[in-house]
*Asks:* 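Mind looking over this structure? Questions follow.
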Amino acid sequence: MKWYKKLYLGESIKQAKWVRFQITFGKKPKGYYCISLSNCRGNLLDIYPSQFLRTPDMDTDKIYIVGLASDRKEAFDVVRDIIEDVYVHTHGFDLRSYLGITV
């Protein structure tokens, strides 16, 4: 699991470093939603409940997290903010190049 340096955060996320630690190391990761770049062609972003990322069957090596939210509605708001930000600055939807991610 990789993390974007300038995470997009939901309004209710106050301690982003602590939340990131909890999700990375499985310390009470319940109740958060991670927004990641999609690995599926044709999709822009994926939303994962944080406890899903800690399951043994989940391959987290290919997940690049760019946003965090505390609930599902807030996750959709963060996705909207990311897409609006990219579109306003580039007039397109190339998230990876806008964010400077070459993975």
*Asks:* When you measure from the side chain of D71 to the backbone N and O of G31, does any donor-acceptor pair fall under 3.5 Å?
*Replies:* no
*Asks:* Does any N or O in the side chain of T24 come within less than 3.5 Å of the main-chain N or O of F21, such that one atom is a donor and the other an acceptor?
*Replies:* no
*Asks:* Roughly how far apart are L9 CG and K14 NZ, rounded to 0.5 Å?
*Replies:* 10.0 Å
*Asks:* Flag the pair V66 / W3 as yes when at least one side-chain heavy-atom distance between them is below 4.5 Å, and no otherwise.
*Replies:* no
*Asks:* Distance check, rounded to the nearest 0.5 Å: L95 atom CG versus N43 atom CG?
*Replies:* 11.0 Å
*Asks:* How long is the gap from CG on D46 to CG on L37, to the nearest 0.5 Å?
*Replies:* 9.0 Å
*Asks:* Please evaluate residues F76 and R80 with respect to the criterion side chain to side chain contact (heavy atoms under 4.5 Å, CB included), reporting the C-alpha separation (whole Å), side-chain torsions for both, the decisive distance (0.1 Å), and the verdict.
*Replies:* CA-CA 6 Å; F76 285 113; R80 185 195 66 232; over 6 Å; no
*Asks:* Enter the distance from S38:OG to I63:CD1 here, rounded to the nearest 0.5 Å.
*Replies:* 10.5 Å
*Asks:* With a cut-off of 6.0 Å (strictly less than), are more than 12 heavy atoms of other residues, nucleotides or ligands near CD of E84?
*Replies:* yes
*Asks:* Decide yes or no for Y8 and L99: does some side-chain heavy atom of the first lie under 4.5 Å from some side-chain heavy atom of the second?
*Replies:* yes
*Asks:* In Å and rounded to the nearest 0.5 Å, what is the OG to CD1 distance from S36 to I47?
*Replies:* 9.0 Å
*Asks:* Going by side-chain contact (heavy atoms from CB on, under 4.5 Å), I83 matches just one of L44, V88, V78. Which one?
*Replies:* L44
*Asks:* For the residue pair Y48 and Y33, is the inter-centroid distance of their aromatic rings smaller than 6.0 Å?
*Replies:* no
*Asks:* Pair I65, M1 - check side chain to side chain contact (heavy atoms under 4.5 Å, CB included), show working.
*Replies:* CA-CA 7 Å; I65 298 174; M1 176 173 359; 3.4 Å; yes
*Asks:* If you take all heavy atoms of D61 and K2, which pair is closest and at what distance?
*Replies:* O-NZ, 3.8 Å
*Asks:* Are Y87 and I101 connected into the same hydrophobic cluster when the rule is that any two of I, L, V, M, F, W, Y join if their side-chain heavy atoms are below 4.5 Å apart?
*Replies:* yes
*Asks:* Heavy-atom distance under 4.5 Å between the side chains of Y32 and Q22, does that happen here?
*Replies:* yes
*Asks:* Could you walk me through whether E74 and I13 pass the side chain to side chain contact (heavy atoms under 4.5 Å, CB included) test, one step at a time?
*Replies:* CA-CA 10 Å; E74 192 174 75; I13 302 287; 4.3 Å; yes
*Asks:* Report the C-alpha separation of C34 and L53 in whole Å, then their side-chain angles, then the decisive distance to 0.1 Å, and conclude whether the side chain to side chain contact (heavy atoms under 4.5 Å, CB included) test is met.
*Replies:* CA-CA 9 Å; C34 299; L53 296 175; 3.6 Å; yes
*Asks:* Using 30° and 60° as the class boundaries, would you call the ring planes of Y4 and Y64 parallel, tilted or perpendicular?
*Replies:* tilted
